Each structure stands twice: as C-alpha cells, then as structure tokens.
Enquirer: 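Here you go, one structure.
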Amino acid sequence: VLFSCLAKTQKKSLDRQKDRQREGETNTLLLLERCGLNTHSIFSNRALIAMASGVDRAFGLTLIFLATTIFSYYTLWVLVLPFVAKGHVLHSFFLPSIYAIILPIAAGVVLVLALGLFIGKVMMQQRAKARQKKEK
C-alpha cells in the first residue's frame, strides 16, 4: 500500500508539490498528507517538528561525517598501506595490519550481542505486560 502511494506521489507535478509545501514542514509530513493521513492529529505542534528536524539533521550529519572518516581511514589502512614502504611516516598513523581483521570482527560480535540483548529486553517487557493484563 505504501509503495503504491509513493508511486502515485512521484507522478504528481513539481508545481503542485511546491504549492503544498508550508514553511517548516518536512518531506515526511508532505508524504503523510499525500497518502491521506491527517497529520494534524498525528503531530499537533508543527514547531516541535521543525525543532526536532534541525536536531535530526545535525545528528545525521554527524553520523555521515563519522562514517566517512572511518571508511576513509580503513580504506587507506587496508588498501593503500600495504603498498607503502615499511619505514615511511604514514605507518605511524595506523595499527598493525592484523588489527584490520580483528577490529571489524570484534565490532560485529559486539553489535550482534547488543542487538540480542535489546531484543531480549523488549521480549521480556512484552511478556511482563501480557502477564499483568492476564492477572487483571
């Protein structure tokens, strides 16, 4: 249903989209309105949405910068450093190459463990709520 709604909204002209945009509205709100949802009942205060979108943008830009930095560092470390002479000053900025394999594996294990703990916590909370409803 959502994909058919998205396809319909893409077919609309850009002029109509510009007319419908209001100051401080996000693209998400426009999409919800085009799909027939009443955004006034979902989001009662548009000023809060505008403030949150600024915070979200700053957080998103920070994540993009961090991901780009890590990707560039790792790419230089794994793809470029093996072709640089051992005594070059560039080697002083990077760990030994064995860590290029160990660190991503360790990060993946930690990520899977954290995800498992989170899912377990949510499942336990849902069971507790279900028991409370059953007892009442």
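Here the structure is a predicted model, which is why all the values come from computation and not from measurement.
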Enquirer: Counting N and O atoms only, with roles assigned by atom type, does the side chain of H88 sit under 3.5 Å from a partner on the main chain of L81, one being a donor and the other an acceptor?
Expert: no
Enquirer: Residues two or more places apart in sequence or in another chain: which of them pass side-chain contact (heavy atoms from CB on, under 4.5 Å) with V112?
Expert: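 For V112, no residue satisfies side-chain contact (heavy atoms from CB on, under 4.5 Å) once neighbours in sequence are set aside.
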Enquirer: Is it the case that the ring center of F94 lies less than 6.0 angstrom away from the ring center of Y73?
Expert: yes
Enquirer: Under the side-chain contact (heavy atoms from CB on, under 4.5 Å) rule, collect the residues that match up with T75, sequence neighbours excluded.
Expert: F71, L79
Enquirer: Indicate if F93 and V80 have the same hydrophobic cluster label, given that clusters are the connected sets of ILVMFWY residues with side-chain heavy-atom separations under 4.5 angstrom.
Expert: yes
Enquirer: Applying side-chain contact (heavy atoms from CB on, under 4.5 Å), name anything that partners I119, two or more places apart in sequence or on another chain.
Expert: L115, M123
Enquirer: Grouping I, L, V, M, F, W and Y whenever their side-chain heavy atoms are under 4.5 Å apart, do I98 and L76 come out in a common cluster?
Expert: yes
Enquirer: How about OH on Y99, more than 12 heavy atoms from neighbouring residues, nucleotides or ligands closer than 6.0 Å, or not?
Expert: no
Enquirer: Tell me, please, which residues at least two apart from A100 pass side-chain contact (heavy atoms from CB on, under 4.5 Å).
Expert: Y74, W77, V78
Enquirer: Say whether, by atom type as modelled, one donor and one acceptor occur between the side chain of H91 and the main chain of V84 under 3.5 angstrom.
Expert: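 Yes; judged by distance alone, with no hydrogens or angles, the pair exists.
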Enquirer: Please set out all donor-acceptor pairs under 3.5 angstrom arising from side-chain atoms of residues 61-69, sequence neighbours excluded.
Expert:
residue	atom	partner	partner atom	Å
T62	OG1	A58	O	2.8
T68	OG1	I64	O	2.7
T69	OG1	F65	O	2.8

Enquirer: Could you state the interatomic distance from CD (E135) to CD (Q132), rounded to the nearest 0.5 Å?
Expert: 7.0 Å
